[in-house]
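Below you'll find the structure, written out as structure tokens, and then a few comments.
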Amino acid sequence: MLDTWTAIDFETANNDRGSACAVGLVRVSGTRVVERYSTLIRPPRAVDFFSFHNTAVHGITAQDVAGAPAWEQVHADIVEFADGSPLVAHNAAFDVGVLRQACAHSGMAHPEWDYACTLALSRRTWAQLPDHKLPTVCAHIGHSLSAHHRADADAEAAAQVLLAAMEYHGTTSLLELSGASGLPLAHLPAGAPVAAPAPAVRSGGGEDRFSRWQRQARSPLPQASPDADPDGPLFGQVVCISGDLRSMDKTEAWKRVAEAGAHPAKNVTKKTGVLVAGGNDHGGKSSKHRQAEAYAAKGQQIRIVDEPAFLSLLGLDDT
């Protein structure tokens with residue numbers, strides 16, 4: 001039985017998933033924490049810049065990581081620390097995505113991982129909570145989360161959430177817990193990375209609005225993840241994003257929509273269930289926004305949300 005596992009949390013330097021700048025690890029055997037590890041990281045060179053938004057969240061700057069180990073060394077440390085055990089994270093799609101994409105940026109192969117998501121697990125275990133962000137769940141289980149968005153603290157919190165869920169379901173085994181909760185372990189296959197993804201766009205880096213629009217128009221839309229939580233608020237929805245988001249590039253937003261089990265779309269249609277209304281140059285409603293309102297007026301079930309509400313639906317505002 002799988003009674004040893006490793007809780008993990010990453011922080012990133014910018015909106016590129018591979019820009020890992022900190023990691024926290026907590027190894028659990030049975031119901032006892034047996035080892036901890038955390039470090040700052042120099043992100044892969046292609047994505048080694050720090051955005052204002054990300055630094056505002058976690059407080060880490062380029063100066064802080066100047067003397068930190070590079071991703072190649074930290075990845076080896078993660079593999080050695082976990083020693084083949086499953087990974088556990090709150091919003092695990094994000095953290096597993098960091099592992100995969102940081103390796104791609106560094107031209108590295110990555111091992112296979114089984115993993116479990118405490119965000120999805122907490123939705124199934126404590127459905128009565130107003131939300132399932134990490135601070136909310138920690139408050140419910142009685143764990144003090146004093147340094148949210150610090151990788152070591154968030155990894156510890158994810159470990160405590162899983163242990164609390166084990167107690168709730170009456171098991172000390174991750175494998176048994178996945179059966180009791182109806183949430184099977186997800187799997188990241190091993191393999192060499194594909195071609196490295198395009199680097200994230202640097203704020204003020206010289207890309208004008210038209211060039212950005214051309215790049216996004218050419219970008220293929222990702223497919224909805226089959227491993228997403230079916231109880232998630234976006235699961236199965238067709239989601240269109242209008243205008244620009246402050247927190248992330250539109251291609252990154254499409255990726256996160258797909259990871260939530262939703263279907264990203266570039267246009268508003270009769271299948272659209274959610275329109276995310278971002279900003280635009282003229283400040284008024286976009287044509288997509290007006291089209292969504294027209295469909296809603298005819299009885300279509302379509303939600304129009306702003307960026308903060310969108311981040312909340314993704315569980316990214318304060319997970």
Side-chain angles (χ1 to χ4, degrees), residues 9-24 38-71 74 89-91 93-106 133-134 147-154 196-216 219 222 241 243-260 264 276 278-281 306-319:
D9 182 82
F10 284 106
E11 302 298 330
T12 56
N14 55 67
N15 68 342
D16 188 283
R17 192 65 58 85
S19 63
C21 64
V23 67
S38 64
T39 184
L40 294 173
I41 307 167
R42 277 188 290 119
R45 184 172 299 177
V47 288
D48 64 354
F49 62 97
F50 282 75
S51 73
F52 173 82
H53 172 78
N54 288 53
T55 294
V57 170
H58 51 56
I60 302 170
T61 67
Q63 290 73 25
D64 293 329
V65 304
W71 170 252
V74 175
H90 207 72
N91 191 20
F94 171 80
D95 297 280
V96 171
V98 173
L99 279 167
R100 182 176 57 241
Q101 195 152 315
C103 285
H105 281 310
S106 304
K133 301 170 188 176
L134 194 53
H148 188 29
H149 293 303
R150 203 176 72 186
D152 56 348
D154 285 358
V201 179
R202 299 172 185 256
S203 299
E207 185 184 50
D208 60 33
R209 184 179 177 85
F210 180 71
S211 297
R212 183 171 66 250
W213 176 85
Q214 285 187 314
R215 174 174 54 81
Q216 292 171 351
S219 298
I241 300 169
D244 296 322
L245 302 179
R246 297 182 62 187
S247 58
M248 66 185 80
D249 176 279
K250 191 174 288 185
T251 53
E252 174 73 8
W254 289 333
K255 185 188 308 178
R256 299 202 181 201
V257 165
E259 288 172 350
V276 182
N280 54 62
D281 288 340
D306 60 11
E307 184 171 353
F310 174 57
L311 295 176
S312 181
L313 289 170
L314 289 173
L316 296 177
D317 54 341
D318 205 37
T319 59

Contact check, side chains of His58 and Cys21, non-hydrogen atoms, under 4.5 Å: yes
Test item: Asp9 and His90 side chains (from C-beta on) under 4.5 Å apart, heavy atoms: no
Pairwise distance CZ(Phe94) to CG(Leu99) - rounded to 0.5 angstrom: 10.5 Å
Check: Ser19 side chain, Asp16 main-chain N or O, donor-acceptor pair, under 3.5 Å: yes
Side-chain donor or acceptor of Ser312 paired with backbone N/O of Pro308 under 3.5 Å: no
Working for salt bridge (charged side-chain N to carboxylate O under 4.0 Å, His left out), residues Arg256 and Glu259: CA-CA 5 Å; Arg256 299 202 181 201; Glu259 288 172 350; 5.6 Å; no
Donor-acceptor contact present, side-chain Asn14 to main-chain Val47, <3.5 Å: yes
Which residues share a side chain to side chain contact (heavy atoms under 4.5 Å, CB included) with Val23, sequence neighbours left out: Ile8, Phe10, Leu25, Tyr37, Thr39, Ile41, Val74, Ile78
Heavy-atom closest pair, residues Pro44 and Ser106: CG-OG, 3.6 Å
His105 versus Gly18, closest heavy-atom pair with distance: CD2-CA, 3.9 Å
Side-chain (Asn54) to main-chain (Thr12) donor-acceptor, under 3.5 angstrom: yes
Euclidean distance, Lys250 NZ relative to Asn15 CG, rounded to 0.5 Å: 14.0 Å
Stepwise side-chain contact (heavy atoms from CB on, under 4.5 Å) test for Val65 and Ile60: CA-CA 8 Å; Val65 304; Ile60 302 170; 3.8 Å; yes
Heavy-atom pair with the smallest gap, counting every atom of Ala253 and Leu245: CB-CD1, 3.8 Å
Exam field: side chain Asp154 to backbone Ala151, donor-acceptor pair closer than 3.5 Å: no
Heavy-atom donor-acceptor pair, Lys255 side chain to Arg17 backbone, under 3.5 Å: no
